[in-house]
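Structure first, commentary second.
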Amino acid sequence: MTALEKTFSVKHIICLLGNRNFADFEFRNGCAYVYSREAGEIVIEAPDVQIPDNLVRNVIETLEHLDECIHKGHLWLKDAKIDLERYPHALDKGFAVYGMYFGNCFWNDDLFPNGIGFTMTFTTVESYPLDFTVKFFSDRHPIALEVWGC
């Protein structure tokens, strides 16, 4: 069984990070991957197969406040343009988090990362063909919304 075939609670992932126990993380392409029940796939920048201590702290603090971050993300999703004529039931069951990324983030269209932060990607439960990524500063303050997909 590979690391990504295992699913953990966010509370357990916080413990793994706090103990610097990365045995259940999969390292590839400069990132560490772990799967959570509450937030889907969690991707953490890990250059040289190491998660930097400051990033570990940021991930722990963010996961400890996951419900707050999801709430803030939902507030930004109110501005998302959804074609309700074509997909009238797209919002019937709301949005679900299916992934998070921690590391260098782009807040706008610059060619270079603007700073350390994280993103939280949402999809509609009713399978709308677009996904929505809310970008946050490392202090858990949302800064941008990106809509992407098919």
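In the hydrophobic cluster analysis, where Ile, Leu, Val, Met, Phe, Trp and Tyr join through side-chain heavy atoms closer than 4.5 angstrom, V147 is grouped together with F95. Placement of V49 and L55 within a single hydrophobic cluster is found when ILVMFWY residues are connected by side-chain heavy-atom separations under 4.5 Å, directly or transitively. When hydrophobic clusters are built by joining Ile, Leu, Val, Met, Phe, Trp and Tyr residues whose side-chain heavy atoms come closer than 4.5 Å, directly or via intermediates, L84 is grouped together with L130.
The shortest side-chain heavy-atom distance between S138 and C105 does not fall under the 4.5 Å cut-off. In this structure, E126 and Y87 have side chains that are not in contact, with every pair of non-hydrogen atoms separated by 4.5 Å or more. Counting heavy atoms from C-beta on, the side chains of I42 and L63 come closer than 4.5 Å. Inter-residue side-chain proximity for V97 and E38 is flagged as unmet; no heavy-atom pair is nearer than 4.5 Å. Residues T119 and E146 form no side-chain contact, since every pair of their non-hydrogen atoms from C-beta on lies 4.5 Å or further apart.
Aromatic ring centres of F118 and F136 lie closer together than 6.0 Å.
Checking Y101 against E41 by side-chain atom types alone, no donor-acceptor pair falls below 3.5 Å.
Ring geometry for F25 versus F22: interplanar angle over 60°, hence perpendicular rather than tilted (30 to 60°).
Under the salt bridge (Lys or Arg N to Asp or Glu O under 4.0 Å) criterion, the residue pairs touching residues 47-69 are R20-D53, E68-K72, E68-R140, with sequence neighbours excluded.
Between I82 and A90, the shortest heavy-atom distance links the atoms CG2-CB, 4.0 Å.
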